There are 2 protein chains.
Amino acid sequence: MEIIRKTKSVKLILNQFEQRDSAISTVDLIEKLNSEINKTTVYRILDKLEYSGVLHSFLGLNGIRWYAKCKNCSTSHHSDLHPHFQCTSCGKVDCLDIKITMPTIPNREVTSSQFLLQGKCERCSS
Amino acid sequence: MEIIRKTKSVKLILNQFEQRDSAISTVDLIEKLNSEINKTTVYRILDKLEYSGVLHSFLGLNGIRWYAKCKNCSTSHHSDLHPHFQCTSCGKVDCLDIKITMPTIPNREVTSSQFLLQGKCERCSS
DNA sequence: CCGTTAATGCAACTAAGTTGCAAATATATA
DNA sequence: TATATATTTGCAACTTAGTTGCATTAACGG
Ligand SMILES: [Mn+2]
Ligand SMILES: [Mn+2]
Ligand SMILES: [Zn+2]
Ligand SMILES: [Zn+2]
């Protein structure tokens, strides 16, 4: 299930991600676009954009899903093994440009991971 | 909000955690005890056990909360900064006895983290 | 055993996300 | 440009994890 048609809704959602560099939660996106796009459509487009390698997603502190732009991903290959940072003060969520060394665990075959850091962002800690 | 009284329900829940060493999800616990304890009570007891330093919790792959025994925690101090491992084949979730080196990020004050690894457990990969 | 207070069950609710289906619209082709 | 067709959308209804208020029950110290 890839994105086939550049519809009005797809453009509106992509536009949101072009306007900022931080991640956006499904809830925020639905709220922000609620007069223009139905929430079902938002979920479906986000699914497709992730599948296509345009966005990647992860879970925030409360289990809500967040989406952010991919950098070098495609439909066939995803390379989003980086941590994310959620500010407990303002709620902002960012991708971190940090290589995490995947720990090797005896007798376990690790295929992927989610690493979420919490604390205060630059703006909130100064 | 600490545990004050050792009620029948509290004992039943603690018993579940004594019987196994891996984590248990709220959903599994509610299902398993559904003939003996109301789900509201399960949620409330888990809250209190976590607050008291008996259990710690974290989110699994699908955003469902999991609980596991604490090792050296108390009401005043929690020391559960370790990764967790979820088997994508059998669904089992474990605490990993691995020290993770908290990355230092410029201009950000990191206070805690959640690190969830995914893959195949010992039993499922052999 | 009794009185106090914490704990419980229940029903109703909230909120994120999903599903089926009919209507609308993007796009390729003529 | 008009038409055909497959994709996308909106809507309403649903699912599921977790929460809340309140009346009832039960733990436990005296
Ligand atoms: Mn990211
Ligand atoms: Mn753990
Ligand atoms: Zn902040
Ligand atoms: Zn397994």
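All values reported here derive from a predicted model rather than from experimental measurement. Letters go in sequence order (proteins before strands), and every chain restarts at 1.
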Review point. Counting just side-chain N and O atoms, does T41(A) come under 4.0 Å of either OP1 or OP2 of dT8(D)?
Key: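 For dT8(D), neither OP1 nor OP2 has a side-chain N or O of T41(A) closer than 4.0 Å.
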Check your understanding: What are the residues of residues 27-36 of chain A, sorted by number, that bring a heavy atom to within less than 4.0 Å of DNA chain C?
Key ->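 Heavy-atom contacts with DNA chain C come from V27(A).
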**Study point:** Connected-component partners of Y51(B) among ILVMFWY, side-chain separation under 4.5 Å
**Key:**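 Hydrophobic cluster check, Y51(B): joined to M1(B).
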Check your understanding: So W66(A) and F58(A), would you call those rings parallel, tilted or perpendicular, with 30° and 60° as cut-offs?
Key ->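 Because their plane-to-plane angle is under 30°, the rings of W66(A) and F58(A) count as parallel.
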Tabulate atom names and distances for all N/O pairs under 3.5 angstrom spanning the protein and nucleotides 5-7 of chain D.
| unit_1 | atom_1 | unit_2 | atom_2 | d |
| --- | --- | --- | --- | --- |
| dA6(D) | N3 | R5(A) | NH1 | 3.4 |
| dA6(D) | N3 | R5(A) | NH2 | 3.1 |
| dT7(D) | O4' | R5(A) | NH2 | 3.3 |
| dT7(D) | O2 | R5(A) | NH1 | 3.2 |

Review point. Any side-chain donor-acceptor pair under 3.5 Å between E50(A) and S57(A)?
Key: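 There is such a pair between these side chains.
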**Study point:** Residues Q118(B) and T88(B): side-chain donor-acceptor under 3.5 angstrom
**Key:**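 No, no side-chain donor-acceptor contact under 3.5 Å.
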**Study point:** Pairs satisfying ring-ring contact (aromatic ring centres under 6.0 Å, His included), at least one member in residues 2-43 of chain A, at least two apart
**Key:**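 Output for this query is empty, none listed.
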Categorize [X] for me: base, sugar-phosphate, or nothing, with a 4.0 angstrom heavy-atom threshold over every strand shown.
{"X": "R44(A)", "result": "base"}
{"X": "T40(B)", "result": "base"}
{"X": "K6(B)", "result": "sugar-phosphate"}

In residues 26-42 of chain A, what donor-acceptor pairs under 3.5 Å come from side-chain atoms, sequence neighbours left out?
| unit_1 | atom_1 | unit_2 | atom_2 | d |
| --- | --- | --- | --- | --- |
| D28(A) | OD2 | S25(A) | OG | 3.4 |
| N34(A) | ND2 | E31(A) | O | 3.3 |
| N38(A) | OD1 | T40(A) | N | 2.8 |
| N38(A) | OD1 | T40(A) | OG1 | 3.0 |

Check your understanding: For L46(B) and dA7(C), what is the distance between atoms CG and P respectively, to the nearest whole Å?
Key ->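 Checked: the CG to P distance equals 14 Å.
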Point to revise | Protein-nucleotide distance (I45(B), atom CD1; dG9(C), atom P), rounded to Å | key: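 Checked: the CD1 to P distance equals 8 Å.
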Review point. For the helix from dC1(C)-dG30(D) to dA30(C)-dT1(D), what is the angle between the axes at its two ends, each from 5 pairs, rounded to 10°?
Key: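 Roughly 30°, once rounded to the nearest ten degrees.
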